[in-house]
Amino acid sequence: MSAPNKSYDPVEVEALKPEAIERMRDEALAAFAAADSLDALQEAKVAHSGGTSPLALANREIGALPPHAKAEAGKRVGMARGAVNKALTARQAELEAERDARMLVEEAVDVTLPYDRVPAGARHPLTTMMERVADVFVSMGYEIAEGPEVEAEWFNFDALNFTPDHPARQMQDTFFVQGPKGSDGDGESGVVLRTHTSPVQARSLLDREPPVYVVCPGRVFRTDELDATHTPVFHQIELLAVDEGLTMADLKGTMDHMVQSLFGPEMTTRLRPNYFPFTEPSAEMDMLCYVCKGESVGNPDRPCRTCSSEGWIELGGCGMVNPRVLIACGVDPEKYSGFAFGFGIERMLMFRHNVEDMRDMVEGDVRFTRPFGMEI
Ligand code: PHE
């Protein structure tokens, strides 16, 4: 670095000459004005006001001037640098404003444009409910079995010990696809939309060798008008176990386990005598009301809407598989016994979720299904 020198004349130092300083300043101002983007301005900034810019280098020269010359040269360089920085800040603000204005236009979202995204769907609560119930049995080792919805009358009725004149066969209950048995004189089995999932019992027994443990979820059909408590298409789950030594106690224990898995550990079931052609003995199965746990019975201070203060909720039919059914399906009733159980999913959804009108389940309005969550 040059040492102070009394005879040093700033006018003689090239870089500090007024024309040189003016030129440096003008070049800087021109470069800033010419910068048409923030990146270009950044480059111009490094070149014209950075540590190695001509003005910064000229500034360093001041230190080497004799004291009497420093003030004048310092003022000249300082004013030039001040002008340069001011111009830089102004151009920076200008370019940023331009960029922001451009972004507002380019990145604008037109909220009135047509909406093309389809919301993620979810399965219907009836489907998830049916799977939840089936899972309880699958976890006990049961196998899922399915059968056709358009079913031979033989599987739907005959194999299940319904006599030819059983009222359930009549037109007012059953959708016939092909005339009732014998109606066309050839004595062949008719074809129906299955009225329950019990024909899958017969199919499962014909397909497999005992022991048989199957759970059969599916859609069933009856000629009911659609109203708050009936629908001509609904869902059932059927359970069938055939093994050596099965008793009514196994049936009860299995059903207790099911209601405990679905509704809580303190749940239990009770059986009331009933009649089904394909089970003997047969029973109607009730489960303890999972809301009041029976406490509403005879207790007017604590009425229960879910069970109408009965303490129990009717779930479905069950019983020990009738030996006639075992014989019709080629199973030796001397060696094997079995239990079966069937119930409606719509009903279960109704009381489990306080659904008051069955039509809500079939109308397909997402305002009904959405509160059940997006389980897929
Ligand atoms: N299938 C009978 C019904 O639809 C229910 C049932 C199933 C009864 C299994 C006994 C055993 O009503």
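We count ligands from 1, going down the list as the structure has it; atoms in each ligand are counted the same way.
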Would you say Ser37 and Asp39 are linked by a side-chain donor-acceptor pair, where the criterion is simply a distance under 3.5 Å?
no

Aromatic rings Phe278 and His196: how do their planes relate, parallel, tilted or perpendicular, breaks at 30° and 60°?
perpendicular

Sequence neighbours excluded, which residues qualify as salt bridge (charged side-chain N to carboxylate O under 4.0 Å, His left out) partners of Glu146?
none

Can a side-chain donor-acceptor contact be found between Thr269 and Asp256 if the only test is distance below 3.5 angstrom?
yes

Give me the pairs of N or O atoms, one from ligand 1 and one from the protein, that sit under 3.5 Å apart.
from	atom 1	to	atom 2	distance (Å)
ligand 1	1 (N)	His196	ND1	3.0
ligand 1	1 (N)	Ser198	OG	2.9
ligand 1	4 (O)	Arg222	NH2	3.1
ligand 1	4 (O)	Gln236	NE2	3.0

For Phe137 and Tyr142, take the angle between the two ring planes, folded into 0 to 90°, and tell me which bin it lands in: parallel under 30, tilted 30 to 60, perpendicular over 60.
perpendicular

May I ask you to check whether Phe341 and Phe343 place their ring centers less than 6.0 Å from one another?
yes

